[in-house]
J.: 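Got a structure for you, questions after.
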Number of protein chains: 2
Amino acid sequence: MELQAQQPTEEGGSIQAARSSANTPIRPTNNRWTPTPDQLRILQVLYYDKVLKCPTPEQIQEICLNLQQYGQIEDKNVFFWFQNLKALERQKLKEFQNVPVGGSLDLLWC
Amino acid sequence: MELQAQQPTEEGGSIQAARSSANTPIRPTNNRWTPTPDQLRILQVLYYDKVLKCPTPEQIQEICLNLQQYGQIEDKNVFFWFQNLKALERQKLKEFQNVPVGGSLDLLWC
DNA sequence: GATCTATGAATGAACG
DNA sequence: CGTTCATTCATAGATC
């Protein structure tokens with residue numbers, strides 16, 4: 001497999017300019033990565049179609065290198081993306097499981 | 001591992017994106033839940049009176065089940081409601097802390 | 001019926 | 001890993 005770490009022509013993409021009022025935010029708030037549609041599509045293919053839930057560090061790096069041709073991205077973004085999606089799925093499973101209503105938790109409704 | 005861009009073959013239908021930017025992450029954003037007065041009242045009782053700030057998934061589900069008698073509601077609505085209210089409180093707290101102390105802070109408490 | 005505001009929803013990042 | 005925090009986006013409702 002060829003991994004072209006080609007420099008994306010446009011760097012940074014379309015990060016909206018933070019409204020910089022007189023009060024400078026102490027934290028560098030506006031640095032959050034968001035996947036481009038191409039990046040998102042590929043990530044979803046890997047996760048759902050290829051059933052890649054827990055990429056190794058090597059896989060993360062490889063994915064990152066490939067996705068860089070579609071926009072700015074770092075290893076940690078890939079790492080967090082997989083972690084978050086997995087966590088969300090697990091969470092939704094838990095919340096959507098139907099519990100028998102006969103529980104004794106109705107103490108909340110006193 | 002194959003990373004080539006492969007079409008995800010129409011996953012889940014094409015929900016139209018709502019943003020206007022070129023690289024728009026697709027976001028569903030269809031009709032959203034709004035709490036009924038009864039639901040809102042109970043949620044506020046739980047949050048403020050019972051000081052329930054971070055309900056567990058089990059609590060979320062139980063709350064949801066109880067609130068369903070007052071109108072349509074899902075687990076994630078309860079989840080987001082608590083998250084948002086807590087976030088709003090933190091945000092307001094931060095704003096108060098960032099007020100330049102010009103000596104007239106007591107105006108905030110009138 | 002255009003605009004404003006409050007808030008539902010989403011998710012990247014990070015914590016314990 | 002499950003949970004929590006942060007910021008942002010989108011829009012239902014209110015207001016004019």
Side-chain angles (χ1 to χ4, degrees), chain A residues 12-21 23-37 39-41 43-44 47 52-57 60 63-64 67 71-97, chain B residues 12 15-37 39-41 43-44 47-48 51-61 63-64 67 71-95 97-98:
Chain A
S14 61
I15 305 296
Q16 307 84 325
R19 43 194 154 96
S20 54
S21 305
N23 53 354
T24 333
I26 299 175
R27 273 196 298 260
T29 47
N30 240 350
N31 293 349
R32 201 168 92 154
W33 165 80
T34 54
T36 68
Q39 287 173 341
L40 181 60
R41 178 176 47 80
L43 286 169
Q44 288 172 339
Y47 188 87
L52 178 64
K53 312 284 186 186
C54 298
T56 67
I60 286 177
I63 294 167
C64 182
L67 291 185
Q72 211 277 321
I73 190 173
E74 297 176 50
D75 286 352
K76 68 171 186 177
N77 304 131
V78 178
F79 171 76
F80 281 135
W81 190 88
F82 278 89
Q83 269 219 147
N84 281 321
L85 186 50
K86 213 171 11 175
L88 271 180
E89 277 193 345
R90 185 78 192 104
Q91 187 179 359
K92 285 183 178 177
L93 273 183
K94 210 185 299 182
E95 290 180 1
F96 286 156
Q97 276 169 357
Chain B
I15 305 173
Q16 64 273 27
R19 281 179 59 190
S20 55
S21 177
N23 54 354
T24 52
I26 298 171
R27 184 183 300 234
T29 65
N30 282 338
N31 23 354
R32 68 182 197 182
W33 164 81
T34 54
T36 68
Q39 287 174 340
L40 184 59
R41 178 179 47 81
L43 286 169
Q44 288 171 339
Y47 188 87
Y48 293 109
V51 201
L52 177 64
K53 312 285 186 184
C54 297
T56 66
E58 290 75 18
Q59 289 174 318
I60 287 176
Q61 185 163 26
I63 294 167
C64 181
L67 292 185
Q72 206 275 326
I73 191 172
E74 296 176 51
D75 288 342
K76 68 172 187 176
N77 305 130
V78 178
F79 172 78
F80 283 134
W81 190 88
F82 279 90
Q83 290 295 315
N84 282 319
L85 186 50
K86 203 168 31 170
L88 185 64
E89 274 194 347
R90 271 187 238 108
Q91 189 178 346
K92 286 184 175 177
L93 179 61
K94 198 172 7 175
E95 288 174 5
Q97 289 173 343
N98 282 343

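Values reported hereafter were calculated over all heavy atoms of this structure, with side chains retained and with hydrogens, waters and symmetry mates removed. Order of the sequence lines sets the chain letters (A, B, ...), proteins ahead of strands, with each chain counted from 1.
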J.: Under 4.0 Å, heavy atom to any atom of DNA chain C: which of residues 77-84 of chain A qualify?
T.: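 DNA chain C contact set from residues 77-84 of chain A: Asn77(A), Phe80(A), Trp81(A), Asn84(A).
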J.: For Leu85(A) and dT11(C), what is the distance between atoms CG and C1' respectively, to the nearest whole Å?
T.: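 Atom CG in Leu85(A) sits about 11 Å away from atom C1' in dT11(C).
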J.: Are Phe80(B) and Arg32(B) packed together at the side-chain level, in the sense that at least one heavy-atom pair is separated by less than 4.5 angstrom?
T.: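 Not touching, per the 4.5 Å side-chain cut-off.
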J.: Quick check on dT4(D): is either OP1 or OP2 less than 4.0 Å from any side-chain nitrogen or oxygen of Lys86(B)?
T.: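 Negative; the distance criterion is not met.
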J.: Sub-3.5 Å donor-acceptor pair from the side chain of Gln59(B) to the main-chain atoms of Thr56(B), do we have one?
T.: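 Yes; judged by distance alone, with no hydrogens or angles, the pair exists.
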J.: In whole angstroms, how far is the C1' atom of dA9(C) from the CD1 atom of Ile73(B)?
T.: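 After rounding, the reported distance stands at 14 Å.
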J.: Sequence neighbours left out, what passes side chain to side chain contact (heavy atoms under 4.5 Å, CB included) with Thr34(B)? Give chain and number order.
T.: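 With neighbours one apart ignored, the set is empty.
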J.: State the CG-CD distance between Leu88(B) and Gln91(B), to the nearest 0.5 angstrom.
T.: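 Taking CG in Leu88(B) and CD in Gln91(B), the distance rounds to 6.0 Å.
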J.: Under the side chain to side chain contact (heavy atoms under 4.5 Å, CB included) rule, collect the residues that match up with Lys53(B), sequence neighbours excluded.
T.: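 Lys53(B) satisfies side chain to side chain contact (heavy atoms under 4.5 Å, CB included) with Tyr47(B), Val51(B), Lys86(B), Glu89(B) only.
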J.: Take atom CD of Gln72(B) and atom C1' of dG8(C), then tell me their distance rounded to the nearest Å.
T.: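 So the CD-C1' distance, Gln72(B) to dG8(C), works out to 14 Å.
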J.: Among all residues two or more places apart in sequence or in another chain, which pass the side chain to side chain contact (heavy atoms under 4.5 Å, CB included) test with Asp75(A)?
T.: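 Once residues adjacent in sequence are excluded, the partners of Asp75(A) under the side chain to side chain contact (heavy atoms under 4.5 Å, CB included) criterion are Ile60(A), Gln61(A), Cys64(A).
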J.: Mapping Cys54(B) and Cys54(A) to their closest nucleotides on DNA chain D, which lands nearer the 5' end?
T.: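 Nearest nucleotide further toward 5': that of Cys54(A).
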J.: Take the protein atom NZ of Lys76(B) and the nucleotide atom P of dT3(D), then report the distance between them rounded to whole Å.
T.: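 My rounded result for the distance is 19 Å.
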J.: What is the distance, rounded to the nearest whole Å, between atom CD of Gln91(A) and atom P of dT11(C)?
T.: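 Atom-to-atom, Gln91(A) to dT11(C), this comes out as 13 Å.
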J.: With nearest nucleotides of DNA chain D determined for Ala87(B) and Ala87(A) from heavy-atom distances, which residue corresponds to the more 5′ nucleotide?
T.: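 Here Ala87(A) is the residue nearer the 5' end.
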J.: With a 4.0 Å limit, can you tell me whether Arg90(A) has a side-chain N or O closer than that to the phosphate oxygens OP1/OP2 of dC1(D)?
T.: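 So the side chain of Arg90(A) is outside the cut-off, no N or O lying under 4.0 Å from OP1 or OP2 of dC1(D).
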J.: Identify each atom pair where a protein N or O and an N or O of nucleotides 3-6 of chain C are less than 3.5 Å apart, giving names and distance.
T.:
none

J.: With sequence neighbours excluded, what pairs up with Gln83(A) under the side chain to side chain donor-acceptor pair (under 3.5 Å) test?
T.: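 None.
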J.: Expressed in angstrom and rounded to an integer, what is the separation of Asp75(A) atom CG from dG12(C) atom P?
T.: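 The answer, rounded to whole Å, is 16 Å.
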J.: So does Thr34(B) get a side-chain nitrogen or oxygen closer than 4.0 Å to the phosphate oxygens (OP1/OP2) of dG13(D)?
T.: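 So the side-chain polar atoms of Thr34(B) do come within 4.0 Å of the phosphate oxygens OP1 or OP2 of dG13(D), strictly under.
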J.: Between P on dG8(C) and CH2 on Trp33(B), what's the gap in Å once rounded to a whole number?
T.: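 To the nearest whole Å, that distance equals 5 Å.
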J.: Of Leu40(A), Ile73(A), Leu67(A), Ile63(A), which meets side chain to side chain contact (heavy atoms under 4.5 Å, CB included) against Trp81(A)?
T.: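 Between Trp81(A) and the candidates, side chain to side chain contact (heavy atoms under 4.5 Å, CB included) is satisfied uniquely by Leu40(A).
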J.: Looking at Leu43(B) and Phe82(B), what are the two nearest heavy atoms and their distance?
T.: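 Looking at all heavy atoms of both residues, the closest pair is CD2-CE1, 3.7 Å.
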J.: Specify the separation, in whole Å, of atom CD of Glu89(B) and atom C1' of dC5(D).
T.: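 So the two atoms are 14 Å apart, to the nearest Å.
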